[in-house]
Peer 1: 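Structure in structure tokens, see below.
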Amino acid sequence: MVKIFIDPGHGGTDSGAAANGLFEKNITLQISLLLRDILLSEYDGVSVRLSRSIDQSITLDQRTNAANSWGADYFLSIHINAGGGTGFESYVYTGVSAPTTTYRNALHDQIVRSVDFANRGKKTANFYVLRETSMPAILTENGFVDTAADANKLRNTSFLQGIARAHATGLEKAFQLKKKETNLYKVQAGAFKVKANADELVATLTSKGFDVFVVIEDGLFRVQAGAFRSKQNADDLVARLKKAGHDAFVFQ
């Protein structure tokens, strides 16, 4: 059993970075809850705890003490950046080596492959949550709330789902997590070489009431409209999309 401790940055009276109508504490919680749900629903042999699951104030030592006392195998702190930059970066504690760096490489590389953010690099820092945890730890900075381009992405639920899924896939690679033996029937509504074309379709389908998101795979921006355990549910969604004037198909 791999024990993953997820730490949504900030919370409660500590809003974290704030700009463009966004608060870091809310975005980190959204991503963390999505990540928890993906890990528990799609993988065997993984246990997950969060430092907070609601908007509440949690001190830094409460976060690290909770992970240490639980005996977590990995500590993942999720943050959003500020300061006028753009893109994604990750941190580990200064001077650490494998396996911390190995795990970080798996997560960082997967996230920059899967999420439409510039790669700001792999960094080190003397952050409290990295220094005081007794297990390998990483802190990810997922875009900048005070940069309009990043902020526009971070207010999009489907984009946050993509960030969460990229973290989950990175954890899968780092810890050789095993997928549950459950076939999911996925619905694809389009695939494009140009990101703007995928975004345009997402906007169109969203305006028509469909919950869609972009997955980057094999160099293509694929617009996915859902994933179901029931083939009938997937077929029903395809029928709805076609009735709305859009081509779609089911795949596994």
Peer 1: Only counting residues at least two apart or in another chain, list the ones meeting side chain to side chain donor-acceptor pair (under 3.5 Å) with S230.
Peer 2: none
Peer 1: Could you tell me which residues satisfy ring pair (Phe, Tyr, Trp, His ring centres under 6.0 Å) with F175, sequence neighbours excluded, listed by chain and number?
Peer 2: Y74, Y103
Peer 1: Show every ring pair (Phe, Tyr, Trp, His ring centres under 6.0 Å) that has at least one partner inside residues 200-237, sequence neighbours left out.
Peer 2: none
Peer 1: With F251, which residues qualify under side chain to side chain contact (heavy atoms under 4.5 Å, CB included), at least two apart?
Peer 2: K186, Q188, Q224, F249
Peer 1: Step through the shown structure and confirm whether more than 12 heavy atoms of other residues, nucleotides or ligands are within 6.0 Å of NZ on K123.
Peer 2: yes
Peer 1: Check side chain to side chain donor-acceptor pair (under 3.5 Å) between D236 and all other residues, then give those that pass, not counting sequence neighbours.
Peer 2: Q232
Peer 1: Partners of H167 by side chain to side chain donor-acceptor pair (under 3.5 Å), sequence neighbours excluded?
Peer 2: T140
Peer 1: For a salt bridge (charged side-chain N to carboxylate O under 4.0 Å, His left out) check, start with the C-alpha distance between K179 and D44, then their side-chain angles and the critical distance, and finish with the verdict.
Peer 2: CA-CA 6 Å; K179 284 275 194 177; D44 281 322; over 6 Å; no
Peer 1: Contact between E42 and R165 at the side-chain level, heavy atoms closer than 4.5 Å - yes or no?
Peer 2: yes
Peer 1: With sequence neighbours left out, what residues match I58 under side chain to side chain contact (heavy atoms under 4.5 Å, CB included)?
Peer 2: R52, Q56, Q62, R63
Peer 1: Applying ring pair (Phe, Tyr, Trp, His ring centres under 6.0 Å), can you list everything that pairs with F88, at least two apart in sequence or on another chain?
Peer 2: H108
Peer 1: For A82, give me all partners under side chain to side chain contact (heavy atoms under 4.5 Å, CB included), at least two apart in sequence or on another chain.
Peer 2: A17, V145, D146
Peer 1: For residues 95-102, tabulate all N or O donor-acceptor pairs below 3.5 Å that involve a side-chain atom, not counting sequence neighbours.
Peer 2:
unit_1 : atom_1 : unit_2 : atom_2 : d
T101   : OG1    : A98    : N      : 3.2

Peer 1: K173: what forms a side chain to side chain donor-acceptor pair (under 3.5 Å) with it, not counting sequence neighbours?
Peer 2: none
Peer 1: Can you tell me which residue pairs pass the ring pair (Phe, Tyr, Trp, His ring centres under 6.0 Å) test with a partner in residues 122-142, sequence neighbours excluded?
Peer 2: Y91-F127
